[in-house]
Protein chains: 2
Amino acid sequence: MRVLGVDPGLTRCGVGVVDSAPGRRVSLVEVGVVRTPPTDPPEVRLLQVALALDTWLDRHNPDAVAVERVFAQMNHRTVTGTAQVAGVAMLAAARRGLPVGLHTPTEVKAAVTGYGQAQKEQVQEMVMRILGLSARPQPADAADALALAVCHAWRPPGASVLAGVGTGVGAAHGPLTPAQQAWARAEQAARRRG
Amino acid sequence: MRVLGVDPGLTRCGVGVVDSAPGRRVSLVEVGVVRTPPTDPPEVRLLQVALALDTWLDRHNPDAVAVERVFAQMNHRTVTGTAQVAGVAMLAAARRGLPVGLHTPTEVKAAVTGYGQAQKEQVQEMVMRILGLSARPQPADAADALALAVCHAWRPPGASVLAGVGTGVGAAHGPLTPAQQAWARAEQAARRRG
């Protein structure tokens, strides 16, 4: 399964593609950052991101797109632009009929580090180890995009991971790993926040 | 000049098209609301809005697109979806090379009623009068989309309306009307918040 992860942002939008195989093996396909100049009108910046994402989708033909779930509370100054870029990424996927997974930062951190409040450096470190890279992905937006893709790839397919919460057992896919349990709790908390 | 106004929303997205002529004369071309079912995945809803806006743009070939400027503070529960629909509308315009005007609700209310804190009913009433309609546009999202288009059409072309703030005189377009002055103050306030 190939997943394209998007860490949305107008100034820097992280994009990362990973392939996953059975046994939680994942490998890097490509990672990068789409940048747009703050001096351009916002609609032109959105267009630049949309065109760049189209080239990534053309080049890698993923099976799914994972996008960070944006909450209004996150950062008042830039959240509108971030939400708009997330929307542009979701739209790009939907235009190709690709499924979209929305994951909160807490879910993503829990998936790759086992701890939902992990620091930026811990995420970068774990992404490097999980994908067997020789250096931490830079900048943080690139690492976050890869972490999103890994988080989505590791999500039990078909069944909601929430089925296993409280029992430690996934409904259709056997026991949850500790990271998956943390991820499920984070997702459940995010849903309660609504 | 033909302006397509978009009052963004996932559940109801208002769309209104007006033609403007010299002397602040404006006329209705078409108004409506794009609805998407809350039960659909968000990326599918964004795609439905994008496809609908494309048909509006094809049908009316506007010179500009006016979109409500979304602030994170507006409404925590739905602001992410609202911002994403605004982004989708801005992207649709940018793909056609159309200029996009972003206007705050305060600016729009000031433009059509002369008062930035006007109630929803006052906006509907003034939109009806300005466009010479026989009834108030329903629902409020449709009226808001028309108000956005009127607000944009009445904006002095070429020069920033801010040039006239404090003096009551526009740099290139003569005296500002009271509504334009209120609009300019609202815009200036919005930029300070921005």
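Here the structure is a predicted model, which is why all the values come from computation and not from measurement. All chains are named by letter (A, B, ...) in the order of the sequence lines, taking the proteins before the strands, and each is independently numbered beginning at 1.
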> Between B:Val49 and B:Cys13, which heavy-atom pair has the shortest distance, and what is it?
Replying inline: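 Heavy atoms only, the tightest pair is CG1-SG, 4.4 Å.
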> So which of A:Gly87, A:Ala86, A:Ala50, A:Pro99 has the biggest tally of heavy-atom pairs under 4.5 Å with chain B?
Replying inline: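 Answer, by heavy-atom pair count under 4.5 Å with chain B: A:Gly87.
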> Of all of A:Pro42, A:Pro41, A:Gly97, A:Ala89, which one pairs up most often with chain B through heavy atoms under 4.5 Å apart?
Replying inline: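 Among A:Pro42, A:Pro41, A:Gly97, A:Ala89, the one with the most close pairs to chain B is A:Pro42.
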>> Under a 3.5 Å threshold, yes or no: a donor from one side chain and an acceptor from the other, between A:Arg12 and A:Thr36?
In response: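 There is no such pair between these side chains.
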> Are side-chain N/O atoms of A:Glu68 and A:His103 paired as donor and acceptor at under 3.5 Å?
Replying inline: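 Distance-only check fails for A:Glu68 and A:His103.
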> Between B:Val44, B:Leu51, B:Leu46, which shows the greatest number of heavy-atom pairs under 4.5 Å with chain A?
Replying inline: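 Winner by heavy-atom pair count: B:Leu46.
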> Checking side-chain hydrogen bond (donor to acceptor under 3.5 Å, both in side chains) against A:Glu125, which of A:Lys120, A:Arg136, A:Gln119 comes through?
Replying inline: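 Going through the options one by one, the only one that passes is A:Arg136.
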